[in-house]
S.K.: 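The structure follows.
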Number of protein chains: 2
Amino acid sequence: MGSGEHKDCHEVIMPVRDALDVINGKWKLPIIIAISRGHKRFRDIERNIPKITSKVLSKELKDLEAHKLLKRSVYDSQPVTVEYTLTPYAATLNPVIEALYTWGSQHRKTIFGSQDQD
Amino acid sequence: MGSGEHKDCHEVIMPVRDALDVINGKWKLPIIIAISRGHKRFRDIERNIPKITSKVLSKELKDLEAHKLLKRSVYDSQPVTVEYTLTPYAATLNPVIEALYTWGSQHRKTIFGSQDQD
DNA sequence: CAGTATCCTAAACGATACTG
DNA sequence: CAGTATCGTTTAGGATACTG
């Protein structure tokens, strides 16, 4: 009805929020990136993500698994090993990661141009 | 040096984290979207973002302004009006928003296929 | 209209230690 | 190695009320 003026506003916001709900926080995308680069083991992932702790990594891995973005496999080797691998679904996030990577790279240059930053 | 194997992992993670630092949270991108759709006034923005409160909107607007993504203009009219407009820099976020929009739309279909969701 | 002031809860994040 | 336990701090976010 009537003036469909700010209706299309919601149409854009809603899906973006859905996406944000999944990748929210500092860690989820970095974890996906690390695994996509071939780091499958818990300690290996941990070592490759600056500042992350076991506790946070553990929690985030569970979240990502719940969102069907990765799979946890336990191998009955000697000793038992655990591997995290991305699902095909996680690959659909690549355009998001690329857009963020591109923007973040540019942004970093921009802020380094004017002031300091970690 | 030696095995530069997980070095490129950081090269990807860092810019992504920089981007995430800026757009983090549920509200920043929705706010940018609302403003980009022509909603410039505080109440107008507020009305077009489901569930946001004055307090949160106020805080997020300040954050976005600090990141140079939008500009707050006060017009000495009768009564005083305030307008928020995006900076040209905010437009560089469009590919990010589009990627998120596309993925979020697909994701919503995916989860609606299997279970319920808000 | 354009916000601010309080108060509050829940979640994120972090440090350190510990277990099978 | 692959985590969990415990603790504490910080931040995001929400409810409600209020101001110029």
Side-chain angles (χ1 to χ4, degrees), chain A residues 6 13-14 16-32 34-35 38-67 70-85 118, chain B residues 6 13-14 16-32 34-35 38-67 69-86 118:
Chain A
H6 43 57
I13 288 174
M14 292 309 201
V16 170
R17 285 205 40 180
D18 288 338
L20 252 12
D21 282 348
V22 176
I23 66 157
N24 225 341
K26 302 165 66 169
W27 304 114
K28 291 191 180 68
L29 255 20
I31 290 168
I32 289 175
I35 298 178
H39 306 287
K40 303 171 187 297
R41 312 283 294 276
F42 192 91
R43 290 289 169 205
D44 196 16
I45 298 165
E46 192 178 8
R47 249 179 272 112
N48 279 279
I49 299 173
K51 314 264 188 187
I52 201 168
T53 64
S54 304
K55 183 195 151 193
V56 170
L57 178 56
S58 172
K59 189 232 168 207
E60 300 287 289
L61 286 171
K62 279 169 188 160
D63 284 1
L64 290 169
E65 201 186 352
H67 278 117
L70 56 81
K71 184 173 172 344
R72 179 180 186 271
S73 311
V74 183
Y75 294 103
D76 204 20
S77 50
Q78 216 47 250
V80 169
T81 56
V82 179
E83 279 189 11
Y84 293 92
T85 49
D118 169 38
Chain B
H6 44 57
I13 287 174
M14 292 309 202
V16 169
R17 286 206 38 179
D18 287 338
L20 253 10
D21 282 349
V22 176
I23 65 157
N24 225 340
K26 302 165 65 170
W27 304 114
K28 292 190 180 71
L29 255 20
I31 290 168
I32 289 174
I35 298 177
H39 305 287
K40 303 171 186 295
R41 312 281 294 275
F42 191 91
R43 290 287 170 206
D44 195 17
I45 298 166
E46 192 179 7
R47 251 179 271 111
N48 279 279
I49 299 175
K51 315 266 188 185
I52 200 168
T53 62
S54 304
K55 184 197 148 192
V56 169
L57 178 55
S58 172
K59 187 230 170 207
E60 300 287 288
L61 285 171
K62 278 170 189 161
D63 284 0
L64 290 168
E65 200 185 353
H67 278 115
L69 292 170
L70 57 81
K71 185 171 169 345
R72 180 180 185 270
S73 310
V74 182
Y75 296 102
D76 204 19
S77 49
Q78 215 47 254
V80 168
T81 56
V82 180
E83 280 189 10
Y84 293 92
T85 48
L86 299 180
D118 167 40

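Letters A, B, ... are given to chains in the order of the sequence lines, protein chains preceding strands, and every chain is numbered from 1.
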S.K.: Could you check how far CG of L64(A) sits from P of dA12(C), rounded to whole Å?
M.R.: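 Going from CG in L64(A) over to P in dA12(C) covers 12 Å.
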S.K.: Looking at dG14(C), dC1(C), dC1(D), which one has an atom nearest to any side-chain atom of K26(A)?
M.R.: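 So the side chain of K26(A) is nearest to dG14(C).
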S.K.: Over all heavy atoms of both residues, which pair between T85(B) and I35(B) is shortest? Give the atoms and the distance, please.
M.R.: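 Closest pair (atom of T85(B), atom of I35(B), distance): CA-CG2, 4.1 Å.
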S.K.: Can you check the K28(A) NZ to dC13(C) C1' distance for me, whole Å?
M.R.: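 For the pair K28(A) NZ and dC13(C) C1', the rounded distance is 12 Å.
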S.K.: Considering only heavy atoms from C-beta outward, does the side chain of R41(A) approach that of T81(A) to under 4.5 Å?
M.R.: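 They are in side-chain contact.
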S.K.: Measure the distance from CG on D21(A) to C1' on dA12(D) and round it to the nearest whole Å.
M.R.: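 About 14 Å, once rounded to whole Å.
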S.K.: For nucleotides 3-9 of chain C, which of its nitrogen or oxygen atoms have a protein nitrogen or oxygen under 3.5 Å away, and what is each distance?
M.R.:
residue	atom	partner	partner atom	Å
dG3(C)	OP1	R72(B)	NE	3.2
dG3(C)	OP1	R72(B)	NH2	2.5
dG3(C)	OP1	Y84(B)	OH	3.4
dG3(C)	OP2	Y84(B)	OH	2.6
dG3(C)	N7	R43(B)	NH2	3.1
dT4(C)	OP1	K62(B)	NZ	2.8
dT4(C)	OP2	S58(B)	OG	2.4
dT4(C)	OP2	K62(B)	NZ	3.4
dC7(C)	N4	K55(B)	NZ	3.4

S.K.: Run through DNA chain D and report every stem of 3 or more consecutive Watson-Crick or G-U pairs, distances under 3.5 Å, ordered by first number.
M.R.: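 Paired runs of 3+ in DNA chain D: C:1-20 with D:1-20.
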S.K.: Using the side-chain contact (heavy atoms from CB on, under 4.5 Å) rule, pick out the option among K26(A), H39(A), E60(A) that qualifies with I31(A).
M.R.: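 The residue from K26(A), H39(A), E60(A) that satisfies side-chain contact (heavy atoms from CB on, under 4.5 Å) with I31(A) turns out to be E60(A).
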S.K.: Do NZ/NE/NH1/NH2 and the carboxylate oxygens of R43(B) and E46(B) come within less than 4.0 Å?
M.R.: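 Judged by the 4.0 Å cut-off on N to carboxylate O distance, R43(B) and E46(B) do form a salt bridge.
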S.K.: Could you give me the CA-CA distance, side-chain angles and deciding distance for K51(A) and W27(A), then say whether side-chain contact (heavy atoms from CB on, under 4.5 Å) is met?
M.R.: CA-CA 10 Å; K51(A) 314 264 188 187; W27(A) 304 114; 4.3 Å; yes
S.K.: Just how far is it from atom CD1 of I45(B) to atom CG of N48(B), taken to the nearest 0.5 Å?
M.R.: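 So the CD1 of I45(B) and the CG of N48(B) are separated by 9.0 Å.
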S.K.: Could you tell me the separation between the CD1 atom of I52(B) and the P atom of dA12(D), rounded to a whole number of Å?
M.R.: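 My rounded result for the distance is 13 Å.
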S.K.: Any side-chain N or O of W27(B) below 4.0 angstrom from OP1/OP2 of dT11(D)?
M.R.: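 So the side-chain polar atoms of W27(B) never come under 4.0 Å of the phosphate oxygens OP1 or OP2 of dT11(D).
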S.K.: State, yes or no, whether a side-chain contact exists between R72(B) and Y84(B) at a heavy-atom distance under 4.5 Å.
M.R.: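 Yes - at least one pair of side-chain heavy atoms lies under 4.5 Å apart.
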S.K.: Rounded to the nearest 0.5 Å, what separates atom CG in L69(B) from atom CD1 in I23(B)?
M.R.: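 Between atom CG of L69(B) and atom CD1 of I23(B) there are 10.5 Å.
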S.K.: In whole angstroms, how far is the C1' atom of dA12(C) from the CG atom of N24(A)?
M.R.: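 In whole Å, dA12(C) C1' lies 10 Å from N24(A) CG.
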S.K.: I need the minimum non-hydrogen distance between P30(A) and L20(B), along with the two atoms involved.
M.R.: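 Smallest interatomic distance, heavy atoms only, reads CD-CD2, 4.4 Å.
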S.K.: Just to confirm, is there a sub-4.0 Å distance from OP1 or OP2 of dA2(D) to any side-chain nitrogen or oxygen of R41(A)?
M.R.: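 Looking at the OP1 and OP2 atoms of dA2(D), one of them is under 4.0 Å from a side-chain N or O of R41(A).
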S.K.: Does R47(A) put a side-chain nitrogen or oxygen below 4.0 Å from OP1 or OP2 of dC1(D)?
M.R.: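 True: R47(A) side-chain N/O within range (under 4.0 Å) of dC1(D) OP1/OP2.
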S.K.: CG of L57(B) versus C1' of dG14(D): gap in Å, rounded?
M.R.: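 So the two atoms are 14 Å apart, to the nearest Å.
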S.K.: Roughly, in whole Å, what's the span from NZ in K40(B) to P in dA2(C)?
M.R.: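 Taking NZ of K40(B) and P of dA2(C), I get 13 Å after rounding.
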S.K.: Round to a whole Å and report the spacing from CZ of R17(B) to P of dA12(C).
M.R.: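 Rounded to whole Å, this separation is 15 Å.
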